[in-house]
Chemist: 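The structure is given below, and queries will be raised subsequently.
Proteins get letters first, then strands, A, B, ... in listed order; numbering begins at 1 in each. What you see is a predicted model; the values in this text were computed from it and never measured.
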Number of protein chains: 2
Amino acid sequence: MLRHLPYFIAVAEEENFQRAAARLKIAQPALTRRIQELERKLGARLFDRLPRGVRLNEAGRVLRDDGKRVLEEFDRACQRAARAGAGEIGRLRLGYNDVALKFPVVASALREFRARYPDVELRLMPMPSEAQRAGLRAGSIDAGLFYMEPEEVAGLAGFTLIEDDFLLALPRGHRLADRGDLCLADLTEERFIWPSRTEGRVLYDRMIAACRERGFSPNIEMEILTADNTLSVVASGIAVGFVPLSQLGAEPDGVVLRKVADFSVPMRLDLAWVDGAAPPVAERLAALLKPLKRG
Amino acid sequence: MLRHLPYFIAVAEEENFQRAAARLKIAQPALTRRIQELERKLGARLFDRLPRGVRLNEAGRVLRDDGKRVLEEFDRACQRAARAGAGEIGRLRLGYNDVALKFPVVASALREFRARYPDVELRLMPMPSEAQRAGLRAGSIDAGLFYMEPEEVAGLAGFTLIEDDFLLALPRGHRLADRGDLCLADLTEERFIWPSRTEGRVLYDRMIAACRERGFSPNIEMEILTADNTLSVVASGIAVGFVPLSQLGAEPDGVVLRKVADFSVPMRLDLAWVDGAAPPVAERLAALLKPLKRG
DNA sequence: CCTGATCAATCGCAAAACGGTATCAATGCT
DNA sequence: AGCATTGATACCGTTTTGCGATTGATCAGG
């Protein structure tokens, strides 16, 4: 019965079968039958049959007014669904770790996303990398920007944006601040501030393993959550610490960043989502980031 | 595309093709194709195909929410149209002349109508008989209760409720108030209050003609619109006047009603509407009145 | 590791819905 | 009277829709 509605609306608006048929691009007899069926199923006449032509009656006017709204709402519903499917409306809950937004490519991609898809609710959720992996699997975020660990990719899809590593942050004026080559063996006397294991168990373990490989055991004074915090503690002169290479240029005045030659913990900052369950909005964001680094 | 909506809603609510197919009383493969067609035409997937079963995706949720409303509104629209066709909702503009509502059969039918069709807006419009005939033809009222003149029935349909005639209203204590038989010849000295010609040209002319037939020419003191007014003027002793027989029992204390033997102007109080264009609500009212007098 | 159960997708065929042309009956206009 | 217009009807071909059988993939249980 629903399928008869567009036919009826056409006839109701024209109050003339021929013009309505032309508008619908069908022949007039077909239209006559559609209307007859509709009237039969409704159990009510919708038009008064005049000796010449037809005119809407009371029931017809009711159905014209109500039915027109139904058609319009259906059109809107289809458009909204299509836009949702294309990722032009909806919600994107995007996890990001403490450093992700500091990369110009990421920041500018997010600005571009906002501009291009103003009807998408972009919810930026700061979360440690570990929490993002859990959040993706639990469905509490739709995509994440975080350090991807090769052992943890099961069920996730995505691509790398930035390849990163660690630099040593030293207070300006520290005895090693101006040394040529630094290696782990130079750091046995230092007190370290270390990224917390709760933030990223896997990354933490890899850092420790990289030290152990060189026979080095860091003297960990305190654990802390973000690179920002590490830098401010280092600036105060209390300790030294490793921060991602990407912090270069963002360090405060009292801090210098130096490469440690025999300490490398390669990290990949990825945009990731649950494999096969990426909402369209996430794909739109991916499309904006993809050109910036390989897929 | 509209026709696919009920299929989609069923699958969306069940998130399971088999149960949805059972609910729709069709086979599962047919349903699969309906959904595929809808997805193709929308240009957006509506379900995530899981290894086992399906689940609504973002676009699907949007269409489920919007589409469900569309279906519900369509159902309501159909019901409203059907009820309008049955005369259960809508508006009935009913003209009535000054005496119509004084008949118990009419008053009780209107009460019954209100009770039985509470969703019909019953608009009671007091109008002289003449104005009602014009109003019906102009479409300003849907039906009328008035004195039908045989010469004026063209294009109208309806049936008679009451057959009426005129009585003479006299002030109590009038010299003729207690006379046995009255005839027009007794009234040559009287001053008359007379129904206005603007209220009913045809009726006015018939009354004058009935007088002339008997060689009587009424001494018309003033013209006036309603029988109520006639009675109150008569009660004041200023004049005498003819009022419909139906006023018997409704006359004020100072007035007596007497038959004038040789003065008869038969009137038919009809319920009438435009032939072939009676709205369903008018038919409902007619059905309540019809049993009371012949059709 | 097999077996049966479950679920959506695909295939082939039949029925129903739908649309088109030709025509009719009634009416209005010239 | 003759012609144009309007909606209704009749008949026929095409498209859509539905069904049954089957497949392919996955999951649960022994």
Side-chain angles (χ1 to χ4, degrees), chain A residues 1-42 44-57 59-61 63-64 71 74 78 154-155 274-277, chain B residues 1-42 44-57 59-60 63-64 71 74 78 85 154-155 274-277:
Chain A
M1 212 148 80
L2 201 97
R3 55 177 156 267
H4 296 86
L5 188 56
Y7 299 94
F8 166 73
I9 295 296
V11 181
E13 288 185 345
E14 301 285 350
E15 284 200 330
N16 176 306
F17 274 70
Q18 335 238 10
R19 283 199 300 277
R23 203 169 101 179
L24 295 165
K25 299 187 206 300
I26 65 171
Q28 167 261 315
L31 190 51
T32 290
R33 265 179 301 145
R34 288 291 83 71
I35 301 300
Q36 285 172 339
E37 287 164 9
L38 181 59
E39 288 181 327
R40 194 169 47 78
K41 291 188 184 169
L42 271 181
R45 290 244 138 183
L46 296 168
F47 297 91
D48 286 338
R49 264 67 173 184
L50 307 180
R52 182 100 171 179
V54 291
R55 195 165 56 205
L56 271 179
N57 63 19
R61 278 189 290 274
L63 190 60
R64 164 169 55 84
L71 282 193
F74 178 71
C78 286
V274 175
D275 195 13
Chain B
M1 211 149 79
L2 199 86
R3 53 174 160 269
H4 296 87
L5 188 56
Y7 299 94
F8 166 73
I9 296 296
V11 181
E13 288 185 345
E14 301 285 350
E15 284 200 329
N16 176 307
F17 275 70
Q18 335 238 17
R19 282 198 302 275
R23 201 168 103 181
L24 296 166
K25 298 187 207 301
I26 65 172
Q28 167 262 315
L31 189 51
T32 291
R33 263 183 302 152
R34 288 292 82 72
I35 300 300
Q36 286 172 340
E37 287 163 9
L38 181 59
E39 288 182 328
R40 194 169 46 76
K41 291 188 185 169
L42 270 181
R45 290 244 137 181
L46 296 168
F47 296 90
D48 286 337
R49 267 64 174 184
L50 307 180
R52 180 100 171 182
V54 291
R55 193 165 57 204
L56 271 179
N57 64 20
L63 190 60
R64 164 169 55 84
L71 283 193
F74 177 72
C78 287
V274 176
D275 196 12

Chemist: Expressed in angstrom and rounded to an integer, what is the separation of B:His4 atom NE2 from D:dG18 atom C1'?
Modeler: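 It is 13 Å, rounded to the nearest whole Å.
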Chemist: Show which side-chain atoms of residues 2-10 of chain B pair as donor or acceptor with protein atoms under 3.5 Å away, not counting sequence neighbours.
Modeler:
| from | atom 1 | to | atom 2 | distance (Å) |
| --- | --- | --- | --- | --- |
| B:His4 | ND1 | B:Met1 | O | 3.4 |
| B:His4 | NE2 | B:Glu37 | OE1 | 2.9 |

Chemist: Rounded to whole Å, please give me the gap between CZ in B:Phe8 and C1' in C:dA8.
Modeler: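 These atoms are roughly 16 Å apart.
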Chemist: Taking B:Ala59's backbone N and O only, do any of them form a donor-acceptor pair with B:Asn57's side chain (distance below 3.5 Å, no angle check)?
Modeler: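 Between the backbone of B:Ala59 and the side chain of B:Asn57 there is a qualifying donor-acceptor contact (under 3.5 Å).
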Chemist: Taking atom P of D:dT5 as reference, at what distance in whole Å does atom CD of A:Gln18 sit?
Modeler: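 Atom CD in A:Gln18 sits about 9 Å away from atom P in D:dT5.
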Chemist: Rounded to the nearest Å, what distance is computed from the CE atom of residue A:Met1 to the C1' atom of nucleotide C:dA16?
Modeler: 18 Å
Chemist: Are more than 12 heavy atoms from other residues, nucleotides or ligands located less than 6.0 Å from atom CZ of A:Arg19?
Modeler: yes
Chemist: Among the candidates D:dT17, D:dG7, C:dA9, find the nucleotide nearest to the side-chain atoms of B:Phe17.
Modeler: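 Closest nucleotide to the B:Phe17 side chain: C:dA9.
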Chemist: A:Val11 and A:Leu46: side-chain contact (heavy atoms from CB on, under 4.5 Å), yes or no, with the steps?
Modeler: CA-CA 10 Å; A:Val11 181; A:Leu46 296 168; over 6 Å; no
Chemist: On the nucleotide C:dA8, are OP1 or OP2 found under 4.0 Å from the side-chain N or O atoms that B:Asn16 carries?
Modeler: yes
Chemist: Produce the list of close N/O pairs, under 3.5 Å, pairing protein atoms with atoms of nucleotides 25-30 of chain C; give distances to one decimal.
Modeler:
| from | atom 1 | to | atom 2 | distance (Å) |
| --- | --- | --- | --- | --- |
| C:dT27 | O2 | A:Arg52 | NH1 | 2.6 |

Chemist: With a 4.0 Å heavy-atom cut-off, tell me which residues in residues 26-40 of chain B come close to DNA chain C, sorted by residue number.
Modeler: B:Gln28, B:Pro29, B:Thr32, B:Gln36
Chemist: Over all heavy atoms of both residues, which pair between A:Arg61 and A:Leu56 is shortest? Give the atoms and the distance, please.
Modeler: NH1-O, 3.3 Å
Chemist: In whole angstrom, what separates B:Leu50's CG from C:dT6's P?
Modeler: 18 Å
Chemist: Find the distance A:Arg19:CZ to D:dG7:C1' and express it as a whole number of Å.
Modeler: 13 Å
Chemist: Would you indicate what A:Tyr7 reaches in the nucleic acid, counting non-hydrogen atoms under 4.0 angstrom: base, sugar-phosphate, or nothing?
Modeler: sugar-phosphate
Chemist: Measure CZ/B:Arg49 against C1'/C:dT6 and give the value in whole Å, please.
Modeler: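 Answer to the nearest Å: 17 Å.
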Chemist: Is there a donor-acceptor pair under 3.5 Å between the side chain of B:Arg49 and the backbone N or O of B:Phe47?
Modeler: yes
Chemist: Indicate yes or no for a side-chain donor-acceptor contact from B:Gln18 to the backbone of B:Gln28 under 3.5 Å, with no hydrogens or angles considered.
Modeler: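 A pair under 3.5 Å: no.
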Chemist: Please give, in whole Å, the distance from C:dA8 P to B:Glu15 CD?
Modeler: 10 Å
Chemist: Specify the closest pair of heavy atoms between A:Val54 and A:Asn16, including all atoms of both residues, with the distance to one decimal.
Modeler: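 Closest approach of A:Val54 to A:Asn16, heavy atoms only: CG2-N, 4.4 Å.
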Chemist: Starting at CG of A:Leu31, measure out to CD1 of A:Ile26 and round the result to the nearest 0.5 Å.
Modeler: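 Going from CG on A:Leu31 over to CD1 on A:Ile26, the span is 4.5 Å.
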